[in-house]
Amino acid sequence: VQLQASGGGLVQAGGSLRLSCAASGRTFSNYAVGWFRQAPGKEREFVTAISRSGGTTQYADYVKGRFTISRDNAKNTVYLQMNSLNPEDTAVYYCAASIRGYKSTAWAYDYWGQGTLVTVSS
């Protein structure tokens, strides 16, 4: 599976962005998808994940209630709607696909996109 993340950019605190993760190469609906992020000087951390069908989602506590993950298997795309952004959300955001089902650990993911930078100004 090849993954292409897009939609990052510069936004003011309190604003919103929607990231997209477009997949190609294999049957997309066979894979759970997760979003991770990595801020400068920090470890990569889990943000959210969605099951193969889209019926189950999981969120990290620090984004719960602000971020929403969804997927459209007909379009081979996963979306991450990010609202109420704050400067602590500044990071490179990566999408990843897992044949094992949705997980919160990076090692469980088989394929990774190249990342898209989100910068939130105060």
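Residue indices begin at 1 and follow the sequence shown.
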Let me confirm one number: the CD-SG distance from Gln114 to Cys95, rounded to the nearest 0.5 Å. 7.5 Å
Do the side chains of Val118 and Leu19 get nearer than 4.5 Å, heavy atoms only? yes
Arg37 and Thr48, any side-chain heavy atoms less than 4.5 Å apart: no
Let me check something: do Ile50 and Tyr94 share a hydrophobic cluster, defined by ILVMFWY side-chain heavy atoms less than 4.5 Å apart, either directly or through other members? no
Roughly how far, to the nearest 0.5 Å, is the CZ atom of Phe28 from the CZ atom of Arg71? 4.0 Å
Between Thr77 and Asp72, is any side-chain donor less than 3.5 angstrom from a side-chain acceptor? no
Whether Phe46 and Phe36 hold their rings parallel, tilted or perpendicular, with breakpoints at 30° and 60°: perpendicular
Apply side chain to side chain donor-acceptor pair (under 3.5 Å) to Arg66 and list each qualifying residue two or more places apart in sequence or on a separate chain. Asp89
Using a 3.5 Å distance criterion without hydrogens, assess whether the side chain of Thr116 forms a donor-acceptor pair with backbone atoms of Gly8. yes
Looking at Arg100 and Ala32, would you say the former's side chain and the latter's main chain have a donor-acceptor pair under 3.5 Å? no
Heavy-atom closest pair, residues Ser98 and Ala108: OG-O, 3.0 Å
Treating Ile, Leu, Val, Met, Phe, Trp and Tyr as nodes and any side-chain heavy-atom pair under 4.5 angstrom as an edge, say whether Ile99 and Val1 lie in one connected cluster. yes
Would you kindly check if the NZ (Lys) or CZ (Arg) of Arg52 is within the cone defined by 45 degrees around the ring axis of Tyr102 and under 6.0 Å from the six-membered ring centre? no
Could you tell me whether the side chain of Ser29 and the main chain of Asn73 form a donor-acceptor pair under 3.5 Å? no
Answer with yes or no whether the hydrophobic clustering places Val47 together with Val11; edges join I, L, V, M, F, W, Y residues whose side-chain heavy atoms lie under 4.5 Å apart. yes
Heavy-atom side-chain contact between Met82 and Ser16 under 4.5 Å: no
Using the ring of Trp112 (Phe, Tyr or Trp, six-membered ring only), decide whether Arg44 places NZ or CZ under 6.0 Å from its centre and within 45 degrees of its axis. yes
In terms of hydrophobic clusters joined by side-chain contacts under 4.5 Å, are Leu17 and Leu80 together? yes
Does the side chain of Trp35 come within less than 4.5 Å of Ile69's, by heavy atoms? yes
Same apolar cluster (I L V M F W Y, side chains within < 4.5 Å links), Leu85/Leu117: no
Student check: side-chain heavy atoms of Cys21 and Gln4 closer than 4.5 Å: no
With Tyr59, which residues qualify under ring pair (Phe, Tyr, Trp, His ring centres under 6.0 Å), at least two apart? none
Using side chain to side chain contact (heavy atoms under 4.5 Å, CB included), reason through Gln58 and Ser104 one step at a time and then give a plain yes or no. CA-CA 8 Å; Gln58 183 181 5; Ser104 62; 3.9 Å; yes
Checking the side chain of Ser53 only, and the main-chain atoms of Gly55 only, is there a donor and an acceptor separated by less than 3.5 Å? yes
What I want to check is whether the side chains of Arg18 and Tyr79 have a donor and an acceptor closer together than 3.5 Å. no
Would you call the rings of Tyr111 and Tyr31 parallel, tilted or perpendicular if under 30° counts as parallel and over 60° as perpendicular? perpendicular
